Each structure stands twice: as structure tokens, then as C-alpha cells.
Amino acid sequence: MKFNIIKRISLAVFLLATVCTCERDDICPEDVPTTPRLILEFFDVSNQENNKNVPNLRIQGVGNDEALSDYTGSSTVSEVELPLKTDESSTSFSFRRDYAIDDNGTPGDTSDDFVTGNEDIITINYITENVYVSRACGYKTIYKTVNIQFDLDDMDRWIVLAQPLNDNQSIEDETTTHFNFFH
């Protein structure tokens, strides 16, 4: 009989300890910051204080078949948010200004269609660092020593300058702009 009481007390202590060590919820809340995107803002190169919209901007990852969903060439924007690769040290994008499809005068035949607009290729280089958020959220990646390079062989670049907002630019959140692009 004493053995049964000891067994029950031990079970109760074990259950109480288990319940007390669990987190309230194993779902990561939406308001917890996760891996941030790179935020770029566009400005007028001749009057660098003024924002300047980019008409019909299409952004596509180099090597991808589809454009980023928010930048398909159907709208004019003054700011973009770009996802960066977490398993590599660089990400390249095609930025095409004034994007359009020319049907070559044959709207029923898509085989002779071609893309118009001015394309600039940019490469974003960085060092990744994984930061623990919580048991429910896991890790997020932050980006250190971020810099942007242009295709130097492009003689018709519309993006004239990429300027980081901080020396030794890092991307740790999505609350501020990280780079200004002048065009």
C-alpha cells in the first residue's frame, strides 16, 4: 500500500514538472520578427532628396522563371522588399524598368513575343548569421557586411548608384530602408 502512494506521488510530481516546463504555445506568433528582407528605396539622381517612382518594374531572381509576386511589371513603385538566400553568400536579381511584352503585331501568336524595357542585374553580397529566436520560432537569418554590385558591362544602366544607409550595412529587421537606389 505504501508503494502505491509513493508511486502516485511520484507520478503527480512528474506530471507537474512536465507541465511547468512546457512553453505556452509551440506556434510562432506573427508579430515575432523572422528573417528580414532587404529594403530598397528609389530616389531621383538629379535631386537626391526626392523619391522617384520606377514605372512598370519587374524583379526576377537570376536563374528563376517567375518574377517576384509583388513586382511583376504591372505597377509603379518607389520601394521594394527583396528576399535574400539564407544558404548562400549572394543573391542576384534582374530589375527591368518599363517592363512590357511586345506581341510583334501578332496578338494571337505568342511564339514571336519579346520582352521590352531596360534591364539591370544587381548582385547582393553578404555574410549570414543564424540567430536563435525561440523554441517555437526556431532561428532567423540576419545579413552582415551587405554590399551591392552592378553588372559593369551594362552600358545602358538605369540604376546609377546604390547607397547603403549605414557603413558596414547589416540587415537585421524590416523596420527601415537599407539601401537607396538613385536613377
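All values derive from a computational prediction rather than experimental measurement.
- For the atom pair OG1 (Thr177) and CD (Gln163), the distance works out to 12.0 Å, reported to the nearest 0.5 Å.
- Other residues, nucleotides and ligands contribute more than 12 heavy atoms inside 6.0 Å of the CD atom of Glu88.
- Residue Val45 is found in a hydrophobic cluster whose other members, listed by chain and number, are Phe43, Val160, Leu161, Phe182; membership requires side-chain heavy atoms under 4.5 Å apart, directly or through intermediates.
- Counting heavy atoms from C-beta on, the side chains of Asn47 and Glu49 come closer than 4.5 Å.
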Derivation and outcome, side chain to side chain contact (heavy atoms under 4.5 Å, CB included), residues Glu41 and Ile39: CA-CA 7 Å; Glu41 199 167 351; Ile39 300 176; 5.9 Å; no

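- Partners of Glu129 according to the salt bridge (charged side-chain N to carboxylate O under 4.0 Å, His left out) rule, which considers only residues two or more places apart in sequence or in another chain, do not exist here.
- Side chains of Arg37 and Leu82 form no contact here, defined as non-hydrogen atoms less than 4.5 Å apart.
- Applying the side-chain contact (heavy atoms from CB on, under 4.5 Å) rule to Thr123 yields the partners Ser90, Ser92, Asn125; only residues at least two apart in sequence or on another chain are considered.
- Side-chain atoms of Asp44 come within 3.5 Å of backbone N or O of Ser46 as a donor-acceptor pair.
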For a quick test of your reading: what N or O donor-acceptor pairs under 3.5 Å do the side chains of residues 68-79 make, sequence neighbours left out?
from	atom 1	to	atom 2	distance (Å)
Tyr71	OH	Glu81	N	3.0
Thr72	OG1	Ser74	OG	3.2

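- Residues Pro33 and Asp173 have side chains not in contact (no heavy-atom distance under 4.5 Å, counting atoms from C-beta outward).
- Asp120 pairs by the side-chain contact (heavy atoms from CB on, under 4.5 Å) definition with Asn118, Asp154, Arg157, Trp158, Ile159, not counting sequence neighbours.
- Under the 4.5 angstrom side-chain criterion for Ile, Leu, Val, Met, Phe, Trp and Tyr, the cluster partners of Val32 are Val133.
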CA sep, side-chain torsions, deciding dist, call: Leu40, Phe95, side chain to side chain contact (heavy atoms under 4.5 Å, CB included): CA-CA 12 Å; Leu40 307 172; Phe95 280 59; 3.8 Å; yes

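- Remark: Tyr99 engages no residue in a ring pair (Phe, Tyr, Trp, His ring centres under 6.0 Å) (not counting sequence neighbours).
- For the side-chain contact (heavy atoms from CB on, under 4.5 Å) criterion with Phe42, the lone passing option out of Asn51, Asn180, Val80 is Val80.
- Side-chain atoms of Phe181 and Val54, non-hydrogen and from C-beta on, never get closer than 4.5 Å to each other.
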Test side chain to side chain contact (heavy atoms under 4.5 Å, CB included) applied to Glu119 and Ile121, step by step: CA-CA 7 Å; Glu119 179 184 46; Ile121 304 292; 3.7 Å; yes

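- Not a single ring pair (Phe, Tyr, Trp, His ring centres under 6.0 Å) links Phe93 to another residue, sequence neighbours left out.
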Counting only pairs under 3.5 Å, give me each side-chain donor-acceptor contact of residues 106-113, with atom names and distances, residues two or more places apart or in other chains.
from	atom 1	to	atom 2	distance (Å)
Thr106	OG1	Asp103	O	3.1
Thr106	OG1	Asp112	OD1	2.8
Thr106	OG1	Asp112	OD2	2.7
Asp109	OD1	Ser111	N	3.0
Asp109	OD1	Ser111	OG	2.6
Asp109	OD2	Ser111	OG	3.2

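- Rounding to the nearest 0.5 Å gives a distance of 10.5 Å between CD1 of Ile122 and CD of Gln149.
- For the atom pair CD of Glu174 and CG of Leu38, the computed distance is 10.0 Å after rounding to the nearest 0.5 Å.
- Distance check: Cys28 SG to Arg135 CZ gives 12.5 Å after rounding to the nearest 0.5 Å.
- Among residue pairs with one or both ends in residues 103-130, those qualifying as ring-ring contact (aromatic ring centres under 6.0 Å, His included) are Tyr126-Tyr143; sequence neighbours excluded.
- Around the CG atom of Asp167, the shell of radius 6.0 Å holds no more than 12 heavy atoms that belong to other residues, nucleotides or ligands.
- For Thr145, the side-chain contact (heavy atoms from CB on, under 4.5 Å) partners at least two apart in sequence or on another chain are Ile127, Asn168.
- The OG1 atom of Thr175 sits 7.0 Å away from the NE2 atom of His178 when rounded to the nearest 0.5 Å.
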Residue pair Ile124, Val146: steps toward the side chain to side chain contact (heavy atoms under 4.5 Å, CB included) verdict: CA-CA 7 Å; Ile124 303 136; Val146 180; 3.8 Å; yes

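- No option in Asn130, Thr128, Thr86 other than Asn130 meets the side chain to side chain donor-acceptor pair (under 3.5 Å) test with Thr141.
- A donor-acceptor distance shorter than 3.5 angstrom exists from the side chain of Asp102 to the backbone of Asn104, with no hydrogens or angles considered.
- In terms of the side-chain contact (heavy atoms from CB on, under 4.5 Å) criterion, residue partners of Glu172 (sequence neighbours excluded) are, by chain and number, Ile142, Lys144, Ser170.
- Note that the OG1 atom of Thr116 and the CZ atom of Arg96 stand 8.0 Å from one another [nearest 0.5 Å].
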